[in-house]
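None of the values given here were measured: they were computed from a predicted structure. Proteins get letters first, then strands, A, B, ... in listed order; numbering begins at 1 in each.
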2 protein chains.
Amino acid sequence: MKIQLTDKIIKRLTLYHCILFDYIEKNIEFISSPQIAKLLNIDDSQVRKDIKLLNNTGKCKVGYEVKCLKKSIEKTLGFEKPKNAFIIGAGNLGMALAKYTNFQDYGLNIMALFDNDKRKVDVIVNFKKVFDVEKLPDLAKKLNVEIAILTVPRSYAQETADFLIKSNIKYIWNFTPTVLKVPNDVIVWNENLIGNFLHFTSSHN
Amino acid sequence: MKIQLTDKIIKRLTLYHCILFDYIEKNIEFISSPQIAKLLNIDDSQVRKDIKLLNNTGKCKVGYEVKCLKKSIEKTLGFEKPKNAFIIGAGNLGMALAKYTNFQDYGLNIMALFDNDKRKVDVIVNFKKVFDVEKLPDLAKKLNVEIAILTVPRSYAQETADFLIKSNIKYIWNFTPTVLKVPNDVIVWNENLIGNFLHFTSSHN
DNA sequence: ATTTTATTGTGATTTATTTCCCTATTTGAT
DNA sequence: ATCAAATAGGGAAATAAATCACAATAAAAT
């Protein structure tokens, strides 16, 4: 039976990973499920069950080996096999994401940016070049990129998505406040910053 | 009985809102639950149940009134009563968020940015000023701000959070890849960009 | 006027997720 | 050597979320 990692599980695993990173910096060798649970305000059996999915085992009275557990998470979440992506829209958000060095640690490789504004073309951001959007189909094929991070203004979102799909992009990480219409074989993830914000500011009052 | 809006419901409501915005642009007056459901790949009864929570009713064979439904969502999610926030860390991400004009439409008001780098102090971004972080406790009190958007480098995350908590900040929207230790009366939302990314690129293979 | 069709609203069912609780194990203390 | 304490592992129960199924209704078609 193949285990399906749901978004909830993945979210927790990345948080465990943050904690483990911290423990390694502090040279702590072992970590227990109640310790993790307390930091995240969740149940400790939840933590153990998540860790079980990684095929990682712990030691009673001691806990889990920090380095080993961190490696397991990285392996399970695929940090070691890099995924190549383009950023479409070299505006504020696109540029900021291009500069965000953390992505590389998690196996996300930004290969290039694209924009239709000639003034932005050829600019270099964090060793990544901005290309004219016309070059995209060709480069996507050459570099074998099928992930696009969409950071164009909302009014261009759908037409840009259509263009990406024609260029054989299969995954669209959508930062625009738009619901895109796409064929069945294209996966969209709507990044919903404001939704998260609304939830956390309204959840405790 | 008070209805608790969970993060899933809020996420869906914001997506419905995007769709409704689009319909208004196109001058379409009515929308049905199967139409919304199809765009989002979810069940239509789910949509109806969400809309029920807004105390909004539809008409058989016709659907829901677009403008009215959009207003209901805005009211329920509190778009009309602005929430004031500070951005802590005027780096790439902090600056990009400050420039992100969409936030205002959703009731999130960025009042100012803070940084400890003297070269960044007094810079103006999108009509918002960068202040020395020392000024924060005072300004938080004066402007009645209790929400902080944390975009500092990971190595400063915990100490900055401690400082924010001392300054009476109650909500921390954490963009750093760190699990923060905070007292019980402080709410943290870990923005997990990479977790979302990992989920959507791995969910269909 | 009657039938067909599309849709809402909602109870029942199913599925997914989390929490509870107990047993076995390991370590450290007595 | 024995006991106490902390923890992993995992089945059972509880809770939450999504889907299914269908009656009621309203518009459009015949």
Checklist entry - Of N41(B) and V62(A), whose nearest nucleotide on DNA chain D comes first from the 5' end? => result V62(A)

Nearest-Å distance, [atom1] ([X]) to [atom2] ([N])?
X: Q35(A); N: dT7(D); atom1: CD; atom2: P; value: 7 Å
X: D43(A); N: dC22(C); atom1: CG; atom2: C1'; value: 14 Å
X: Q46(A); N: dT17(C); atom1: CD; atom2: P; value: 10 Å
X: I36(A); N: dA8(D); atom1: CD1; atom2: P; value: 8 Å
X: L5(A); N: dT17(C); atom1: CG; atom2: P; value: 11 Å
X: Y64(A); N: dT7(D); atom1: OH; atom2: C1'; value: 9 Å
X: I42(B); N: dA17(D); atom1: CD1; atom2: P; value: 14 Å
X: I31(A); N: dA6(D); atom1: CD1; atom2: C1'; value: 15 Å

Checklist entry - Going by an N to O cut-off under 4.0 Å, is there a salt bridge joining K11(B) and D7(B)? => result no

Checklist entry - Charged N to carboxylate O below 4.0 Å: is that the case for D162(A) and K166(A)? => result no

Item to check | Residue whose nearest DNA chain C nucleotide is more 5′ - D50(A) or I51(B) | outcome: I51(B)

Checklist entry - Mapping K8(B) and P34(B) onto DNA chain C by nearest heavy atom, which one lands closer to the 5' end? => result P34(B)

Checklist entry - Under 6.0 Å between ring centres, would you say that holds for Y64(B) and F30(B)? => result no

Does the side chain of [X] get closer than 4.0 angstrom to OP1 or OP2 of [N] through an N or O atom?
X: R12(B); N: dA18(D); result: yes
X: S33(A); N: dA8(D); result: yes
X: R48(B); N: dT8(C); result: yes
X: K49(A); N: dT18(C); result: no
X: S45(A); N: dA8(D); result: no

Next on the checklist: For a quick check of understanding: with a heavy-atom distance under 4.0 Å over all strands, which category does S32(B) fall into, base, sugar-phosphate or nothing?
Outcome noted: sugar-phosphate

Next on the checklist: Under 4.0 Å, heavy atoms only, any strand: does K52(B) hit a base, just the sugar-phosphate, or nothing?
Outcome noted: sugar-phosphate

Checklist entry - Minimum heavy-atom separation for I169(A) to E146(A), with atom names? => result CG2-O, 3.7 Å

Item to check | Closest to side chain of T57(A), choosing from dT19(D), dG9(D), dA24(D) | outcome: dG9(D)

Next on the checklist: Can you tell me how the ring of W173(B) sits relative to the ring of F175(B), calling it parallel under 30°, perpendicular over 60° and tilted otherwise?
Outcome noted: tilted

Checklist entry - Ignoring hydrogens and angles, are the base of dT27(C) and the side chain of K61(A) linked by a donor-acceptor pair under 3.5 Å? => result yes

